[in-house]
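Source: prediction; values computed, not measured. Positions are given from 1, in the same order as the sequence printed here. Counting starts at 1 for both ligands and their atoms, in listed order.
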Amino acid sequence: MNKTRILCIVGTRPEAIKMAPVIAALKAADWCECIVIATGQHRELLDQVFAVFDIRPDADLKVMQENQGLAGLTARLLVALDAAIDQWQPQMLMAQGDTTSVLCAAMAAFYRRLPFAHVEAGLRTHDLGNPFPEEMNRMMAGLLTRWHFAPTQSSCDNLLAERVDPARIFVTGNTVIDALHSVAERADRSFQFAKPGRRLVLVTAHRRENFGTPLAEICRAIAALAARRPDVDFLFPWHPNPNVRAVVHPAIGSLPNVTLCEPLDYLQFVAAMRQSHFILSDSGGVQEEAPALAKPVLVLRRETERPEAVAAGVVKLVGHDFDDIVAAADALLDQPQAYAAMARGVSPYGDGHAAARIERILAASFGAA
Ligand code: UD1
Ligand code: UDP
């Protein structure tokens with residue numbers, strides 16, 4: 001039997017985490033050949049995830065440059081992905097999410113008239129500036145997509161509102177929950193981040209639209225909280241983007257109860273989430289994982305494309321204003337009832353079987369089910 005060759009394009013940390021279960025499912029299937037192309041949009045962060053999930057990419061396009069701009073990154077990716085298509089001669093391409101690697105994968109497929117499968121399709125804020133440039137990336141990728149794997153009904157509804165053919169949309173759940181389940185036991189075993197008798201607040205921030213003043217405000221709020229609460233520890237595994245480090249280090253790098261550390265690998269990060277009291281973050285993936293771990297998230301953004309956990313009351317949008325962040329954090333630290341209301345353990349983003357559904361849907365499309 002001739003196997004269907006699928007190029008899975010993976011560029012950044014969250015894509016690798018969310019594609020790992022899909023890659024595993026495709027590699028275990030006998031009807032297809034799963035070729036993993038690392039774009040290398042991220043270097044250290046991508047390699048960290050590959051190590052945890054034991055993924056060995058078939059090719060690495062090595063596109064990352066220091067403090068890369070969007071136009072140059074897009075140009076490098078498109079040319080390199082086109083060459084990869086030449087080399088591998090696939091029947092389809094597949095990618096997850098809304099990064100520049102994903103937009104370029106969809107465009108590269110389109111230029112070669114190859115079908116494109118989009119994992120985590122249909123997320124929208126309906127604001128092109130928030131998040132930037134991700135809202136544009138996912139809308140453009142959506143225009144070029146043959147299989148839209150929407151994680152939730154609300155992401156499916158977004159696509160239907162854009163007049164996407166319903167026969168091309170599949171509600172699968174988010175593969176991040178599959179990834180989380182697959183590491184949960186390993187993550188628990190060997191890492192200790194919370195100190196006995198002290199509460200831990202986990203922090204991440206990396207969004208481009210928060211660079212500059214918003215990130216400085218976020219740091220000012222953390223500094224104020226840390227100064228007023230010597231009994232609480234703050235752990236901030238910082239993103240290697242130099243625009244993050246330039247602001248964060250001078251603002252909170254020398255406070256005794258704030259620890260800045262290099263990015264944690266996924267096992268360590270899941271352990272840190274589990275041991276935290278709550279999480280302050282502008283990350284997308286963390287908004288999906290933390291509710292499943294019963295950890296409240298205060299989202300350092302004005303809008304989110306993940307409204308389900310907000311509606312469930314377990315994630316709160318606080319934006320990046322000093323007073324709003326401090327007030328919301330104070331409530332979680334001082335009011336047990338407010339905390340309990342947010343720490344309920346709901347998982348609106350999936351049941352851990354999204355990757356298997358995706359594999360079955362593709363198998364059926366290629367007559368292999
Ligand atoms: C990218 C994605 C964003 C995603 C985030 C996940 C785009 C435009 N942005 O943002 O959607 O939420 O990844 O983390 O696709 N760097 C390193 N080593 C690394 C990774 C990054 O040194 O392993 C530094 C480099 O200087 C690089 C810079 O960070 O130029 C920015 O990387 P880039 O991928 O452009 O943007 P992110 O902010 O990481
Ligand atoms: N993450 C990690 N180590 C860290 C910080 C985050 O493994 O130090 C994981 C996190 O659990 C989530 C993903 O990385 O699955 C989110 O990545 P990021 O915030 O960089 O991107 P986004 O989700 O915002 O696109």
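In the candidate list T204, V52, D282, L264, L264 is nearest to atom 8 (O) of ligand 2, counting heavy atoms. Atom 22 (O) of ligand 1 has its nearest heavy-atom neighbour, among Q68, M64, Q41, in M64. Across the listed options M136, H206, R138, H239, H206 owns the non-hydrogen atom lying nearest to atom 12 (O) of ligand 1. Closest to atom 11 (O) of ligand 1 by heavy atom, among E134, H42, Q65, E44, is E134.
Regarding atom 23 (O) of ligand 2, its nearest protein heavy-atom neighbour is G285 N, 2.8 Å. At the shortest separation from atom 17 (O) of ligand 2 among protein heavy atoms lies R13 NE, 3.5 Å. Of the protein's non-hydrogen atoms, E289 OE1, 3.4 Å is the one closest to atom 10 (C) of ligand 2. Protein heavy atom closest to atom 13 (C) of ligand 2, with residue, atom name and distance, is I17 CD1, 3.8 Å. Protein heavy atom in closest approach to atom 25 (O) of ligand 2: P14 CG, 3.4 Å. Residue, atom and distance of the protein heavy atom nearest to atom 38 (O) of ligand 1 are N241 ND2, 3.0 Å. Closest protein heavy atom to atom 10 (O) of ligand 1: R208 NH1, 3.9 Å.
In this structure, E135 pairs ionically with R138, as a charged nitrogen and a carboxylate oxygen lie closer than 4.0 Å.
Close approach of ligand 1 to N67 (heavy-atom distance below 4.0 Å) involves ligand atoms 25 (C), 26 (O), 27 (C), 30 (O). Numbered from 1 in the order shown, with element, the atoms of ligand 1 that lie under 4.0 Å from a heavy atom of T100 read 7 (C), 8 (C), 15 (O). The ligand atoms of ligand 1 that sit less than 4.0 angstrom from a heavy atom of R43 are 19 (C), 23 (O).
Contacts between S101 and ligand 1, counted as non-hydrogen atom pairs separated by less than 4.0 Å, are absent for every part of the residue.
The closest approach between a heavy atom of R207 and any atom of ligand 2 is below 4.0 Å. For the ligand labelled ligand 1, residue Q48 lies outside the 4.0 Å heavy-atom shell.
Ring orientation note: the planes of H42 and H239 are nearly perpendicular, at an angle over 60° on the 30°/60° scale.
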